[in-house]
Engineer: 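Starting off with a structure, shown below.
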Amino acid sequence: MFSVRDMLAKDMMDTVRQVGKLGYQGVEFFSPYFSWTTAQAKDVRKLLDDLNIKAFSTHNSASSFAPENVDKAIELNTIIGSKFIVMASSGKVEGLDGWKKVAAALSQGHEKFMKAGIRGGYHNHQTEFKPLEGTRPIEILAKETPKTLMLQLDIGTCIEAGSDPVLWINQNPGRINCIHCKDWSPDKELGYKVLFGEGVAPWKKIFEAAEKKGGIEYYLVEQEGSRFSSIETAQRCLESFQKLHG
């Protein structure tokens, strides 16, 4: 739903309806959802059920993994039917020891989520794939968290940071349960403004690795913006996905 965040801020329920009408099978809500009341979450769940779409996961700040917020995260995600509580950003992290602390927080939250039948996850940006003291932070996160914790792979940022998403998927079998299908172009005027399929991401190889090795459960279209309106962007990306993936 980050792709249509401008619409979501004005009318969340209608935006979900419009996304459902495009043909999407599910959505991922992002951090503002954490301010919902249980009544609001129940209204969202009813709408999703009426539209026959699912809330696959939610994006969260690091605070959702803190002990004092875990119960609320579990409650809201359980109501809407989400199966993954994903840390969308770790905030500012200092050095490799800082990333080890992030891994510890992820592991602790994930352990509690698992007891409620929900899994934790981590969503990368460029930073996690850029070497720090000779090691990429994403490697620390993968090594020092349980194998059941999802490593949600954002394709565009992985490529921009100079890493190979296909290699990363193959190196982490069973953990790439979701991919953010965001393309990227090295053309500075385009960057993340390209639609899905218009950039340099090798989607066919990514799909093959995700489905043979990665343990993919669902794909998500994420768009930071384009030359079209957000809803038309979502529509065009879905059509391109269907052509490329089938």
Side-chain angles (χ1 to χ4, degrees), residues 1-6 8 19 22 24 26-31 56-60 84 86-91 93 121-132 136-139 141-142 150-172 175-211 213-245:
M1 297 304 291
F2 182 79
S3 303
V4 289
R5 57 197 176 280
D6 58 330
L8 200 73
V19 168
L22 292 180
Y24 281 94
V27 297
E28 178 181 72
F29 290 101
F30 63 108
S31 54
F56 292 131
S57 47
T58 58
H59 260 202
N60 301 260
F84 292 92
V86 182
M87 187 184 292
S89 173
S90 54
V93 181
Y122 188 85
H123 171 82
N124 69 274
H125 293 88
Q126 295 92 331
T127 301
E128 290 84 355
F129 277 100
K130 291 180 178 178
L132 181 65
R136 295 179 301 176
I138 194 70
E139 296 173 43
L141 296 180
M150 171 173 70
L151 299 173
Q152 186 184 64
L153 179 59
D154 183 287
I155 298 297
T157 54
C158 172
I159 292 175
E160 187 191 8
S163 286
D164 179 349
V166 175
L167 179 61
W168 180 249
I169 293 168
N170 286 327
Q171 288 174 337
N172 292 276
R175 299 193 69 178
I176 316 296
N177 310 113
C178 170
I179 282 175
H180 269 207
C181 296
K182 180 167 66 184
D183 222 324
W184 177 75
S185 169
D187 184 330
K188 291 183 179 179
E189 293 186 5
L190 297 175
Y192 292 107
K193 302 299 182 184
V194 292
L195 298 177
F196 173 84
E198 292 181 346
V200 296
W203 290 111
K204 292 284 189 180
K205 293 180 180 179
I206 289 168
F207 293 150
E208 182 180 11
E211 290 163 25
K213 278 282 196 72
I216 194 79
E217 295 184 25
Y218 60 106
Y219 294 102
L220 290 169
V221 166
E222 184 189 40
Q223 197 73 22
E224 297 195 13
S226 81
R227 58 196 182 276
F228 304 104
S229 69
S230 60
I231 195 69
E232 186 176 354
T233 294
Q235 179 181 8
R236 287 175 177 267
C237 286
L238 179 59
E239 290 170 354
S240 296
F241 177 89
Q242 291 168 337
K243 289 177 183 176
L244 272 173
H245 182 272

Engineer: Is a donor from one side chain sitting under 3.5 angstrom from an acceptor on the other, for Q152 and E28?
Structural biologist: yes
Engineer: Using atom types as modelled and distance alone, determine if a side-chain donor or acceptor of S3 lies under 3.5 Å from a backbone N or O of Q223.
Structural biologist: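 The answer is yes, because a donor-acceptor pair under 3.5 Å joins these two groups.
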Engineer: Main chain of E224, side chain of R5: is a donor-acceptor contact present, judged purely on distance under 3.5 Å?
Structural biologist: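 Confirmed, R5 side chain pairs with E224 backbone.
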Engineer: Can you list the residues that meet the salt bridge (Lys or Arg N to Asp or Glu O under 4.0 Å) rule with E160, with sequence neighbours excluded?
Structural biologist: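 So E160 forms no salt bridge (Lys or Arg N to Asp or Glu O under 4.0 Å) with any residue.
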Engineer: Report the distance from atom CD1 of I206 to atom CD of E211, rounding to the nearest 0.5 Å.
Structural biologist: 11.5 Å
Engineer: Which value, rounded to the nearest 0.5 Å, describes the distance between F2 atom CZ and H59 atom NE2?
Structural biologist: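 Interatomic distance, F2 CZ to H59 NE2, rounded to 0.5 Å: 10.0 Å.
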Engineer: Are side-chain N/O atoms of N60 and T58 paired as donor and acceptor at under 3.5 Å?
Structural biologist: yes
Engineer: Mind checking what makes salt bridge (Lys or Arg N to Asp or Glu O under 4.0 Å) contact with E232, not counting sequence neighbours?
Structural biologist: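 E232 satisfies salt bridge (Lys or Arg N to Asp or Glu O under 4.0 Å) with R236 once adjacent residues are dropped.
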Engineer: Work out which heavy atom in N177 is nearest to a heavy atom in G215; give both atom names and the distance.
Structural biologist: ND2-O, 3.1 Å
Engineer: For D6, enumerate each residue passing the side chain to side chain donor-acceptor pair (under 3.5 Å) test, keeping only those at least two apart in sequence or located in another chain.
Structural biologist: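 Partners of D6 by the side chain to side chain donor-acceptor pair (under 3.5 Å) criterion, ordered by chain and then number, come out as S230.
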Engineer: Going by side chain to side chain donor-acceptor pair (under 3.5 Å), name the residues that satisfy it together with S90, two or more places apart in sequence or in a different chain.
Structural biologist: Y122
Engineer: I need the L220 CG to M1 CE distance, nearest 0.5 Å.
Structural biologist: 11.5 Å
Engineer: When rounded to the nearest 0.5 angstrom, what is the spacing between CG in D164 and SG in C158?
Structural biologist: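 Answer for the CG-SG pair, D164 versus C158, is 7.0 Å.
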Engineer: Would you please name every residue forming a salt bridge (Lys or Arg N to Asp or Glu O under 4.0 Å) with E217, sequence neighbours left out?
Structural biologist: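 Counting only residues at least two positions away or on another chain, E217 forms a salt bridge (Lys or Arg N to Asp or Glu O under 4.0 Å) with R119.
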Engineer: What is the ring orientation for W168 with F129, classed by angle as parallel under 30°, tilted 30 to 60°, or perpendicular over 60°?
Structural biologist: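 Perpendicular: the ring planes of W168 and F129 meet at over 60°.
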Engineer: Find the distance between CD1 (I138) and NE2 (H125) and round it off to the nearest 0.5 Å.
Structural biologist: 11.0 Å
Engineer: Which residues satisfy the side chain to side chain donor-acceptor pair (under 3.5 Å) test with W203, sequence neighbours excluded?
Structural biologist: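 Listed in chain order: D183.
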Engineer: Kindly write out the residues that satisfy side-chain contact (heavy atoms from CB on, under 4.5 Å) with D154, not counting sequence neighbours, or none if the list is empty.
Structural biologist: H123, N124, T157, H180, K182, E222
Engineer: Please determine whether a side-chain nitrogen of the Lys or Arg among K205 and E208 lies less than 4.0 Å from a carboxylate oxygen of the Asp or Glu.
Structural biologist: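 Salt bridge between K205 and E208, a charged N being under 4.0 Å from a carboxylate O: no.
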Engineer: What pairs of residues pass the salt bridge (Lys or Arg N to Asp or Glu O under 4.0 Å) test when at least one of them lies in residues 192-204, not counting sequence neighbours?
Structural biologist: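 For residues 192-204, and leaving out neighbouring residues, the salt bridge (Lys or Arg N to Asp or Glu O under 4.0 Å) pairs sorted by first residue read E198-R227.
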Engineer: State, to 0.1 Å, how close I216 and I179 come at their nearest heavy-atom pair, and which atoms those are.
Structural biologist: CD1-N, 3.6 Å
Engineer: Can you name the side-chain contact (heavy atoms from CB on, under 4.5 Å) partners of A209, sequence neighbours left out?
Structural biologist: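 Testing A209 for side-chain contact (heavy atoms from CB on, under 4.5 Å), a comparison that skips the adjacent residues, returns V166, I169, N170.
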Engineer: Give the minimum heavy-atom separation between A161 and Q126, together with the two atoms involved.
Structural biologist: CB-O, 3.7 Å
Engineer: Applying side-chain contact (heavy atoms from CB on, under 4.5 Å), can you list everything that pairs with V221, at least two apart in sequence or on another chain?
Structural biologist: Y24, C237
Engineer: The criterion is side-chain contact (heavy atoms from CB on, under 4.5 Å); which residues satisfy it with F241, sequence neighbours excluded?
Structural biologist: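 F241: side-chain contact (heavy atoms from CB on, under 4.5 Å) contacts with C181, F196, F207, Y219, H245.
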Engineer: Once you round to the nearest 0.5 Å, how far does CG of L153 lie from CZ of R175?
Structural biologist: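 Answer for the CG-CZ pair, L153 versus R175, is 12.5 Å.
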Engineer: Applying side chain to side chain donor-acceptor pair (under 3.5 Å), name anything that partners T233, two or more places apart in sequence or on another chain.
Structural biologist: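 So T233 forms a side chain to side chain donor-acceptor pair (under 3.5 Å) with S226.
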Engineer: Taking side chain as C-beta onward, heavy atoms only, is V200 less than 4.5 Å from S185?
Structural biologist: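 A side-chain contact is absent here, since even the closest heavy-atom pair is not under 4.5 Å.
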